[in-house]
Amino acid sequence: METNAAKLRERLQAPRGTKDILPEEAAKWRAVEGVVHEVARLYGYGEIRTPSFEAVRLFKRAVGEETDIVSKEMYLLQRRSEEEEEFALRPELTAPVVRAAIQHGMLTGQSDCVRLYYASAPNFRYEKPQLGRLRQHHQFGTELLGPASPLADAETISFAISIFRNLGLQNFRVRLNSLGSKESREAWKQQLVPYLRENKTKLSNDSQRRTETNPLRVLDSKAPEDHEIVRNAPRILDHLNAADRAHFEELKSLLASITIAYHEDPLLVRGIDYYTGTVFEVTSSDLGSQDALCGGGRYDSLVEQLGGPNCPAVGFGAGIERLLLALESRNDAPLLSTVRRPAVYVLALGAEAAQKAFELLSNLHAAGISATGDLNARSMKAQMREANRLGTPFVYVIGESELAQGAGMLKNMQTSEQEAVAFGAIIEHVNHSSFTHHHS
RNA sequence: GUGGGCGUAGCUCAGUUGGUUAGAGCGCCAGGUUGUGGCCCUGGAGGUCGUGGGUUCGAAGCCCAUCGCUCACCCCA
């Protein structure tokens, strides 16, 4: 029995690449989510929550069948029958959100612009775990559906940066590029692919393969042998048509007007097929190789591809786990240190007092005062120690004599002073004391 | 998926070239104070050294496998 229990404990752990979020950590999550909700309110975005699993064909169509995310990282759910649709845990959020927007007719009405955000949505990818790369990770982000203007791109980037700034994030960098419209990109590819083929023998194995399957991805290869070739490759920015160029220039000037510093990076290519035009990434120098905090861009043809109207769109997703790592690495995120402690510890001695304490706790809770107490008939010393450990400002002591008098001793833990307070007056006293406390 | 590193108490870590009952600090519990916390003193609980095999008279330390974490690549938030 004993050894059995030990074996069970050993086996039962959170699945590889997942994490339990304990109370102390959860407080930090709440702080981040709070900032996200607040920024969304300021920008006028509406929250959307979509299912954790979706039809596999949604992701195949949107993200791209050849991408790593779809071809090898999806958690496929077991089907109950051959006839049933194939489902997978969602590996990303843009496709589901667009699907929901189309399904609920959000894009067919009068409004030419739909602003959506999510604050803490889990994503699932079967990857080899690393710090900042989990199999279940959480993102906040936006999707702005409708506008083709660079104003929308700028608003999206501004939204993301506001959150980072409000959280006190340091050492982050905005990388910006344009993949151009379909025409621009085709024109560019016609030069890029032959160029890569000419230099094929000098490229890394991965890049040789990708020259044929996904030539854009060769550009952000980190293999040293690819560096020289990539550096001299034809650049998309030189192949943008007039409209694309104007869009990109306009975006840059908009960002400058709101003092968002960015770094143009012609090698920034995102690994999801739906991106068109603007792409951007926010990276942190306080993280290791998994340094992307946020990624996003335009996806002007995705809505139509998924059966919706012709509807340009732009959005971003940001990883909460990575953001927290970056914030914690510098200890410079004051918002994160929200300690939650009860205001009152009701200390009871004896069974009768415990019953009274239970009743008083209920009254305190009903009055909106956080309070807790002992559940195990422990000694006074043990209860005092616990109150001290919890950091409650007040302890309300109920023993035999207090019961007889209908008044407990309310002790201020900071000053060590205590006074008799009638059972019925405790709420008033605590409220008053914490009020004066705040203003002193 | 490829290639490295690591895994000793709740936490942070010691543990000499394999050698007898595996240690410290912090934390936890109790006592010193029969109904008053923090500081101090004393005592206690808690580990089959991630797990399973193997080598050996003898393994926390060596070998293999496995699980987990981690670093780089890959990919990406």
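Proteins get letters first, then strands, A, B, ... in listed order; numbering begins at 1 in each.
Look at NZ on A/Lys19: it is 15 Å from C1' on B/rG68, rounded to the nearest Å. Going from atom CG of A/Asp20 over to atom P of B/rG10 covers 16 Å, rounded to whole Å. In this structure, A/Asp291 atom CG and B/rA72 atom C1' are separated by 13 Å, rounded to whole Å. Here the P atom of nucleotide B/rA77 and the CZ atom of A/Arg322 are 8 Å apart, to the nearest Å. Spacing between atom CD of A/Gln130 and atom C1' of B/rA77 amounts to 13 Å, rounded to whole angstrom units.
Glycosidic conformation of B/rG61 is syn; the angle stays within 90° of 0.
For A/Asn171, the side chain to side chain contact (heavy atoms under 4.5 Å, CB included) criterion is met by A/Ser285, A/Asp286, A/Arg330, not counting sequence neighbours. Listed by chain and number, the residues in a salt bridge (Lys or Arg N to Asp or Glu O under 4.0 Å) with A/Glu186 amount to none (sequence neighbours excluded). For the salt bridge (Lys or Arg N to Asp or Glu O under 4.0 Å) test, residues two or more places apart in sequence or in another chain that qualify with A/Asp374 are A/Arg378. For A/Phe172, the ring-ring contact (aromatic ring centres under 6.0 Å, His included) partners are A/Phe164, not counting sequence neighbours. A/Glu428 is linked by a side chain to side chain contact (heavy atoms under 4.5 Å, CB included) to nothing, counting only residues two or more places apart in sequence or in another chain. Legend: residues meeting ring-ring contact (aromatic ring centres under 6.0 Å, His included) with A/Tyr274, ordered by chain and number and at least two apart, are A/Tyr299.
The stretch residues 65-78 of chain A touches RNA chain B through A/Asp68, A/Ile69, A/Glu73, each having a heavy atom within less than 4.0 Å of the strand. If you check residues 294-301 of chain A against RNA chain B, the residues with a heavy atom closer than 4.0 Å are A/Cys294, A/Gly295, listed by number. A heavy-atom distance below 4.0 Å to RNA chain B is reached by these residues of residues 135-144 of chain A, ordered by number: A/His137, A/Gln139.
Under the side chain to side chain contact (heavy atoms under 4.5 Å, CB included) rule, A/Tyr396 has a single partner from A/Leu361, A/Ile426, A/Val430, which is A/Ile426.
Rounded to whole Å, the P atom of B/rA45 lies 47 Å from the corresponding atom of B/rG3. Here, B/rG58 and B/rU21 have their C1' atoms 15 Å apart, quoted to the whole Å.
As judged by a 4.0 angstrom heavy-atom cut-off over every strand, A/Gly17 is placed among residues touching the sugar-phosphate backbone only. Nucleic acid contact for A/Arg125: base, since at least one base atom lies under 4.0 Å from a heavy atom of the residue. Using a 4.0 Å heavy-atom cutoff across all strands shown, A/Ile272 reaches sugar-phosphate atoms only and no base atom.
If you check B/rU16 for Watson-Crick or wobble pairing at under 3.5 angstrom, you find it has no partner at all. For B/rG7, the paired nucleotide is B/rC67, the pair qualifying as Watson-Crick or G-U wobble because both relevant distances are below 3.5 Å. Across all strands shown, B/rG44 forms a Watson-Crick or G-U wobble pair, both distances under 3.5 Å, with B/rC28. Judged by Watson-Crick or G-U wobble contacts below 3.5 Å, the nucleotide B/rA72 has B/rU2 as its partner. Look at B/rG58: it lacks any Watson-Crick or wobble partner with both distances under 3.5 angstrom.
With respect to the salt-bridge test (charged N to carboxylate O, under 4.0 angstrom), the residues A/Glu38 and A/Arg41 qualify. A salt bridge does not link A/Glu321 to A/Lys19: none of the charged side-chain nitrogens sits closer than 4.0 Å to a carboxylate oxygen. By the 4.0 Å N-to-carboxylate-O rule, A/Glu402 lies too far from A/Lys356 to be salt-bridged with it. Under 4.0 Å is where a charged nitrogen must lie from a carboxylate oxygen, and between A/Glu386 and A/Arg389 no such pair does.
Legend: salt bridge (charged side-chain N to carboxylate O under 4.0 Å, His left out) pairs involving residues 406-427 of chain A, not counting sequence neighbours: none detected.
Each of A/Leu293 and A/Pro129 was assigned the nucleotide of RNA chain B with the nearest heavy atom; the assignment lying further toward the 5' end belongs to A/Pro129.
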Inset, instruction - Going 5' to 3' through nucleotides 33-46 of chain B, assign each nucleotide B (protein heavy atom under 4.0 Å from a base atom), S (under 4.0 Å only from sugar-phosphate atoms) or - (no protein heavy atom that close). - result: --BBBB--------

Heteroatom pairs (N/O) under 3.5 angstrom, protein to nucleotides 3-8 of chain B:
from, atom 1, to, atom 2, distance (Å)
B/rG3, O6, A/Lys128, NZ, 3.1

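Geometric assessment of A/Arg79 against the ring of A/Phe87 yields a negative cation-pi assignment under the 6.0 Å and 45° thresholds.
Between A/Phe159 and A/Tyr45, the distance separating the two ring centers is shorter than 6.0 angstrom.
To the nearest 0.5 Å, atoms CG (A/Leu255) and CD1 (A/Ile157) are separated by 5.0 Å.
Side-chain atoms of A/Arg135 do not come within 3.5 Å of backbone N or O of A/Pro129 as any donor-acceptor pair. In this structure, A/Arg90 contributes its side chain and A/Pro122 its backbone to a donor-acceptor pair below 3.5 Å.
Side chain A/Gln290 to base B/rA72: no donor-acceptor pair is found below 3.5 Å. Not a single donor-acceptor contact under 3.5 angstrom links the side-chain atoms of A/Arg217 to the base of B/rC74.
Between A/Phe248 and A/Pro150 there is no side-chain heavy-atom pair separated by less than 4.5 Å.
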